[in-house]
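Every chain is numbered from 1, with letters handed out A, B, ... down the list of sequences. Values reported hereafter were calculated over all heavy atoms of this structure, with side chains retained and with hydrogens, waters and symmetry mates removed. No experiment lies behind these values; they were computed from the predicted model shown.
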2 protein chains.
Amino acid sequence: MTRAAKADPHTDPDHVSDHTLRDLAGYNLRRTSQIVQADLAKTLEPLGLRMITFAALVLIVDNAGVRQTRLANALAIERSNLVLIVDDLEQRGLIQRTQVPTDRRAYALVPTDAGRDMYARALNAVHAHEAALLNNFEASEIATLISLLKRVEAPRA
Amino acid sequence: MTRAAKADPHTDPDHVSDHTLRDLAGYNLRRTSQIVQADLAKTLEPLGLRMITFAALVLIVDNAGVRQTRLANALAIERSNLVLIVDDLEQRGLIQRTQVPTDRRAYALVPTDAGRDMYARALNAVHAHEAALLNNFEASEIATLISLLKRVEAPRA
DNA sequence: TCTAGATTGTTATGATCTATAACAGTAATG
DNA sequence: CATTACTGTTATAGATCATAACAATCTAGA
């Protein structure tokens, strides 16, 4: 960095003002989400998990026997895109596709012991990540943030 | 819909519990952001604008003469990816690439009258969209949400 | 029961988005 | 003046996502 950045935006002629965008909830949501997702991806990378793969594993452990279509709905992704995610989890021995006696089309997804182990480790890593990310937040503020986010999403659920 | 959805998740054997994920700020951020962005895209589509193109136009109108590198930084995207966005805005007559007398490498991006017009229309549409999206929120709650989002993002700025 | 329609998982595919590397032209620095 | 850095650009590859189509299977109505 050869050219020093000026500290005060009011005296810096090169400063780009984005107040119009920053007054929009949608823009702040986008920017904040991008940063947090990128950060979270780095947290899960050492475990060999992507964000969506982690989420799928969590739901399979918490809902042993769930089918792929319902899992895709819960994750808000397309069935077709879930296939490779489940393939990945299965090939790594974290879950199994087991047959459903009453419906030969469907698979019941169940975690293996290794899957439950990975679940615990990944969740610890993510919790630690969130604690670091939100270290200047009160617990009540985090609760407020999550609550507000859910309320934005809720009417469309 | 041939199979009726049960109302109470506690009595619905097919319900997928996602409470573990829903306790994570990052997951709620991701889900909420996805929904809002998709919705916002629909709002801007009739104007022929994508979310990122809209954001670029706003910054160019609010910062007439800004250069592409600074604009890319402000938008948190790569310079190379901004090129096509600026191309699009220019080809539609909303902005102009004008020469910078003191630096023949750089372009100063300035809005045209049509660009300022589009800015006003698009901003109205987005404001209306946000009002509808957040119609069950108090103004103070929206302010709180935006403030919390900025604070999550801030330490990394 | 039989048949038409719906559902499940899957594959293939195209659109979009993003990051990276490399380049020519130009500016800044010592 | 020579080296280094910066600007906009192009090309490219990876990731993400939605859509369409398919075979196998189930469901529901005649």
*B/Thr69 side-chain proximity, nearest of D/dC17, D/dT7, D/dT9*: D/dT7
*Choose from C/dT10, C/dT8, D/dG8 the nucleotide whose nearest atom is closest to any side-chain atom of B/Gln68.*
D/dG8
_Suppose we screen for side-chain contact (heavy atoms from CB on, under 4.5 Å). Which residues come up paired with A/Asn63, at least two apart in sequence or across chains?_
A/Leu59, A/Val66, B/Val16, B/Ser17
*Once you round it to whole Å, what is the distance between C1' of D/dT7 and CZ of B/Arg70?*
12 Å
*Give the minimum heavy-atom separation between B/Thr32 and A/Leu149, together with the two atoms involved.*
OG1-O, 3.1 Å
*If you measure from CG on A/Leu75 to CG on A/Leu82, what distance do you get to the nearest 0.5 Å?*
6.5 Å
*First encountered from the 5' end of DNA chain C, between A/Gln34 and A/Val83*: A/Val83
*Count the heavy atoms belonging to other residues, nucleotides or ligands that lie under 6.0 Å from CD of B/Gln37, then report whether that count exceeds 12.*
yes
_Rounded to 10 degrees, the angle between the two terminal axes of the helix from C/dT1-D/dA30 to C/dG30-D/dC1, each from five pairs_ = 20°
*Specify the separation, in whole Å, of atom CG of A/Leu109 and atom C1' of C/dT10.*
14 Å
Below 3.5 Å between N/O atoms, which protein atoms pair up with nucleotides 22-26 of chain D? Just atom names and distances, please.
unit_1, atom_1, unit_2, atom_2, d
D/dT25, O2, A/Arg105, NH1, 3.4
D/dC26, OP1, A/Arg104, N, 2.7
D/dC26, OP2, A/Arg104, NH2, 3.2

*With rounding to the nearest 0.5 Å, note down the distance linking CG in A/Leu44 to CE in A/Met51.*
7.0 Å
*With B/Asp103 via side chain to side chain donor-acceptor pair (under 3.5 Å) - residues at least two apart*: B/Arg67, B/Arg105
*Qualifying residues under salt bridge (Lys or Arg N to Asp or Glu O under 4.0 Å), relative to A/Asp18, sequence neighbours excluded*: A/Arg22
*Quick one: which residue pairs count as a side-chain hydrogen bond (donor to acceptor under 3.5 Å, both in side chains) with a foot in residues 71-80 of chain A, not counting sequence neighbours?*
none
*Take the protein atom CG of A/Leu84 and the nucleotide atom P of C/dA12, then report the distance between them rounded to whole Å.*
10 Å
*Listed partners of A/Arg97 passing side-chain contact (heavy atoms from CB on, under 4.5 Å), at least two apart*: A/Gln68, A/Val83, A/Val86, A/Asp87, A/Glu90, A/Tyr107, A/Leu109
For nucleotides 19-21 of chain C, which of its nitrogen or oxygen atoms have a protein nitrogen or oxygen under 3.5 Å away, and what is each distance?
unit_1, atom_1, unit_2, atom_2, d
C/dA19, N7, B/Asn81, OD1, 3.4
C/dA19, N7, B/Asn81, ND2, 3.0
C/dA19, N6, B/Asn81, OD1, 3.4
C/dT20, O4, B/Ser80, OG, 2.7

*So which of residues 86-94 of chain A are in contact with DNA chain D, with a heavy-atom cut-off of under 4.0 Å?*
none
Hey, can you pull the donor-acceptor pairs under 3.5 Å for the side chains in residues 117-126 of chain B, sequence neighbours left out?
unit_1, atom_1, unit_2, atom_2, d
B/Tyr119, OH, B/Asp62, OD1, 2.9
B/Asn124, ND2, B/Ala120, O, 3.4

*Look at the side-chain N and O atoms of B/Arg67 and state whether any lies under 4.0 Å from the OP1 or OP2 oxygen of D/dC6.*
no
*NZ of A/Lys42 versus C1' of D/dA15: gap in Å, rounded?*
17 Å
*Rounded to the nearest angstrom, tell me the gap between atom CD1 in A/Ile85 and atom C1' in D/dA15.*
12 Å
*Short question: side chain of A/Thr112, backbone of A/Gly93 - any donor-acceptor pair under 3.5 Å?*
yes
*Whole angstrom is fine here: how far is it from CZ in A/Arg50 over to P in D/dA15?*
8 Å
*A/Val61 and A/Pro111: which non-hydrogen atoms are nearest, and at how many Å?*
CG2-CB, 3.8 Å
_Gap between atoms CG and P, on B/Asn73 and D/dT7 respectively (whole Å)_ = 9 Å
*Mind checking what makes salt bridge (Lys or Arg N to Asp or Glu O under 4.0 Å) contact with A/Arg104, not counting sequence neighbours?*
none
*May I have the distance from B/Gln37 (atom CD) to C/dT16 (atom C1'), rounded to whole angstrom?*
15 Å
*Can you list every side-chain hydrogen bond (donor to acceptor under 3.5 Å, both in side chains) pair that touches residues 131-144 of chain A, not counting sequence neighbours?*
A/Glu141-B/Arg151
